[in-house]
Amino acid sequence: MLILSRKVGESLVIDGRVIVKIIRTDGDTVKVGIEAPADIPVHRQEVYDEIQKANREAATRIPLPHLPTFGKPKSPTASTPLSPANNQTHSKTV
Amino acid sequence: MSSVAEIEITKTQTVQLPLGLLGFERIKTYSLITRADQTPFHWLSVPDGGDLAFLVVPPCLVLPDYALDMSDADADFLEIRNPNDTLVFNIVTLKSDGSATVNLKGPIVINRHTMIGMQVVLSQSQYAIKHPIQAT
């Protein structure tokens, strides 16, 4: 990891298109301003990590044996238990 | 193309996610699959992705007053001028015990005119990443 010292008001330039500026410090909190093009998403790492983990857990294989319903009765075929590693061949009948 | 798309009552639309989903940044093209018999759920599936897919649901069915506060930068990126320009879906996680949760903190917002979307991170919101669905 590259470690640089910056004073309040000073900036870093990354790849000629991202500017990271130290706005102010308050105890152990550092306020940082970031200017980046729209195609470079900027996230707080802990939030990014959580959503990335949730996406990976949600990634699945279609079709699944049943879906949850919103207050409607289950269809007669909806009682099959869901296998976490479900990768069944799909029947094309409707 | 997945086998699901071959069913007559299935509607398939192509959605571009230029930034990908978090953790799946390299996958930028998805098929939004709507099956009449799976309402209100939809699938975001990866064409030629070995049937890799995400189950999604409109948030208004999970929380009727779901409020999506996009940053101006994200709205500009998607060229969204007003809320009517958007389709919003939230990713559902199905657990092996049959329960399900919805990610309300990372909605997928799509410009319905261009069908270009992104996963928006509502980092300041109190919405849960694992909001339980009251599945019956």
Side-chain angles (χ1 to χ4, degrees), chain A residues 17-21 29 31-94, chain B residues 2-4 6-10 18-25 33 35-41 43 45-46 50-57 61-62 73-74 76-78 91-103 105-106 118-124 129-130 133-136:
Chain A
R17 4 184 241 160
V18 178
I19 297 172
V20 179
K21 184 173 183 178
T29 300
K31 199 135 197 160
V32 176
I34 299 157
E35 280 179 43
D39 64 342
I40 301 185
V42 178
H43 301 293
R44 290 173 173 80
Q45 179 159 12
E46 64 276 16
V47 180
Y48 177 90
D49 289 347
E50 272 189 295
I51 292 184
Q52 183 184 65
K53 181 165 173 279
N55 283 348
R56 288 187 173 148
E57 286 173 7
T60 185
R61 306 276 159 184
I62 51 173
L64 291 161
H66 77 280
L67 299 176
T69 56
F70 287 96
K72 289 192 290 189
K74 281 181 178 179
S75 68
T77 57
S79 57
T80 317
L82 178 66
S83 157
N86 183 274
N87 197 11
Q88 295 174 0
T89 306
H90 175 56
S91 162
K92 294 183 186 176
T93 55
V94 179
Chain B
S2 75
S3 58
V4 171
E6 293 166 22
I7 297 167
E8 276 187 5
I9 55 170
T10 299
L19 307 179
L21 296 172
L22 275 60
F24 296 84
E25 280 83 354
I33 298 172
R35 281 181 50 162
D37 63 336
Q38 292 186 336
T39 302
F41 295 96
W43 293 99
S45 78
V46 181
D51 287 340
L52 176 67
F54 296 87
L55 183 66
V56 298
V57 70
L61 295 163
V62 180
D74 289 348
D76 286 348
F77 180 75
L78 294 178
I91 298 175
V92 179
T93 303
L94 295 171
K95 305 284 172 56
S96 53
D97 64 2
S99 65
T101 60
V102 180
N103 179 354
K105 199 163 200 160
M118 69 183 294
Q119 185 167 28
V120 174
V121 177
L122 304 176
S123 57
Q124 306 284 33
I129 288 179
K130 294 184 176 180
I133 300 185
Q134 299 287 329
T136 54

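Chain letters run A, B, ... following the sequence lines, proteins first and then strands; every chain starts at 1. In this text the structure is predicted, and so the values were computed from the model without any measurement.
The side-chain heavy atoms of A:Arg44 and B:Gln124, taken from C-beta on, include a pair separated by under 4.5 Å. Using a 4.5 Å cut-off on side-chain heavy atoms (C-beta onward), A:Ile51 and B:Val121 make contact. Side-chain atoms of B:Ile129 and A:Lys53, non-hydrogen and from C-beta on, never get closer than 4.5 Å to each other.
Considering every non-hydrogen atom in both B:Leu19 and A:Ala38, the closest pair reads CD1-O, 4.3 Å. Between A:Ala59 and B:Phe24, the closest heavy-atom pair is CB-CZ, 3.8 Å.
Enclosure of atom CD in B:Glu25 by more than 12 non-hydrogen atoms of other residues, nucleotides or ligands within 6.0 angstrom is indicated.
Here CD of A:Glu50 is found 11.0 Å from OG of B:Ser123. Values are rounded to the nearest 0.5 Å. The CG atom of B:Leu21 sits 11.5 Å away from the CZ atom of A:Arg56 when rounded to the nearest 0.5 Å.
Salt bridge B:Lys130/A:Glu57: present, at least one basic N to carboxylate O contact under 4.0 Å.
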